[in-house]
Amino acid sequence: MTGSPRFWTSVLLVMRFILGGVFLYAGVTKIIDPAGFAQSIHNYQILPVVLVHPAAIILPWVEVVAGTALVMRWWTGGASLLLSALMFVFFIALAITVARGLDISCGCFSSTGEGKVSWLNLVRDFFFFSVGAVLFLYHDREGRRS
Amino acid sequence: MPSFTRSVSHAILLVLAGVVVAAVTNFLRPGGLPWKGDWSAQAQRELSLRGFDSITRGEYEAMEREGRLVLLDPRGLRLSGATPSPGSLNLSPGDVPPRIGELRVLSDAGMVLVVLCESERCALGAELAATLRKNGFSAFRVFRWEKRRGPPGEILPEKREGT
């Protein structure tokens, strides 16, 4: 990656806030309605039913913890790696759903009112995955804390 | 420690932190989600009909006697294969928008509109209830009959054949 250190520090800062903020928001909306999120996970018909509730309980908090870490610049490498991995998993789940033509809501930010899963969700997930990947690869380029 | 290994370690620690916080908050919060979910047909029905006012069999029979009951059969004429019984309407979810005015007239006239579950699972009934609400009509209730006692005899063919 080329360019002045200050420029890349600014770019990485913005990326951290975007990705961290998105996951913080997504996690909080799911924590508010865990039953609705469990229904969203079940609708995907990918996870075994015994794992639906544990995923609905744990996943939102992992998103919030990792999102907070990224925004606060704690363990940026680990947080961006974790969020990229989550984005990759969500991307695969969405791709399977689109391919199967299931008429279900994404459940990405809340349990209702998001409309049917579509290719737009895939594009959005790929964008956030890319942001996470760039942050993971170049997080040590962001200016050192004073 | 190489950067990649350190990042992986930190990612694992973040997951563990998330698991611990999730377990503690779920334990402490009132109405926390059980770790083992019930995804049976019965539980699915309860979930899909959550937020809709239901009617008991006793209330159903009382209103029927008073002649105030209008049953909404979600199977529609095509699926039910039957002429609607007196006091009932065959109304599939797709028929709701063009017939919403008719429902409002009945409701304004003091009739009690009741969505009938087509089966114990009530998938179509729940869809009809959700469609009615989505179209701005909420003056209705839902009748969830129990498998033990069966559906109302005059309406559903399964019961008619059995009697």
Side-chain angles (χ1 to χ4, degrees), chain A residues 20 23 27-28 30-43 45 47-70 72 74-86 103 111-113 132-133 135-141, chain B residues 1-52 93-94 121-124 126-136 138:
Chain A
F23 270 91
V28 169
K30 292 166 191 165
I31 288 166
I32 290 169
D33 182 17
F37 181 48
Q39 181 68 56
S40 296
I41 295 174
H42 183 255
N43 290 344
Q45 299 170 24
L47 271 187
V49 288
V50 291
L51 295 179
V52 169
H53 275 209
I57 293 167
I58 292 169
L59 194 56
W61 279 106
V62 171
E63 291 182 353
V64 166
V65 168
T68 305
L70 202 59
M72 302 299 288
W74 299 327
W75 295 348
T76 310
S80 54
L81 176 65
L82 176 56
L83 295 184
S84 300
L86 283 177
D103 186 8
S111 52
T112 55
L135 274 171
F136 173 63
L137 292 172
Y138 299 105
H139 67 275
D140 53 353
R141 304 272 177 106
Chain B
M1 190 160 48
S3 176
F4 180 76
T5 313
R6 190 173 61 234
S7 295
V8 171
S9 306
H10 287 167
I12 292 169
L13 286 173
L14 287 170
V15 171
L16 290 175
V19 171
V20 170
V21 176
V24 171
T25 51
N26 191 61
F27 177 73
L28 293 177
R29 92 190 269 181
L33 209 58
W35 286 87
K36 189 171 182 292
D38 181 3
W39 296 101
S40 62
Q42 172 78 12
Q44 284 290 285
R45 182 179 74 159
E46 292 302 323
L47 205 60
S48 59
L49 290 172
R50 190 176 52 179
F52 292 109
R121 184 164 180 181
C122 202
L124 266 180
E127 192 183 338
L128 176 58
T131 309
L132 285 168
R133 185 174 280 179
K134 195 176 168 186
N135 280 272
S138 52

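Computed from a prediction, not measured in an experiment: that's the story for all the values here. In what follows, chains are A, B, ... by sequence order, proteins preceding strands, each numbered from 1. Side chains included, hydrogens not; waters and symmetry mates left out as well; all remaining heavy atoms used.
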Original post:
When rounded to the nearest 0.5 angstrom, what is the spacing between CD1 in A:Ile31 and CZ in B:Arg29?
Top reply: 7.5 Å
**OP:** Kindly assign one of parallel, tilted or perpendicular to the pair A:His42 and B:Trp39, based on the angle between their ring planes and the thresholds 30° and 60°.
**Re:** parallel
Give me the atom names and distance for the closest heavy-atom approach of [X] to [Y].
X: A:Gly78; Y: B:His10; value: CA-CB, 3.8 Å
X: A:Val65; Y: B:Gly18; value: CG2-CA, 3.9 Å
X: B:Leu14; Y: A:Ala69; value: CD2-CB, 4.0 Å
X: B:Val8; Y: A:Leu81; value: CG2-CD2, 3.7 Å

Original post:
So which of B:Asp38, B:Val15, B:Ile12 has the largest heavy-atom pair count under 4.5 angstrom toward chain A?
Top reply: B:Val15
Go through the atoms of [X] and report whether side chain, backbone, both or neither lie under 4.5 Å from a heavy atom of chain B.
X: A:Leu83; answer: neither
X: A:Ala38; answer: both
X: A:Val49; answer: both
X: A:Glu63; answer: neither

Sub-4.5 Å side-chain heavy-atom contact between [X] and [Y]:
X: A:Ile58; Y: B:Trp35; answer: yes
X: B:Leu13; Y: A:Trp75; answer: yes
X: A:His53; Y: B:Asn26; answer: no

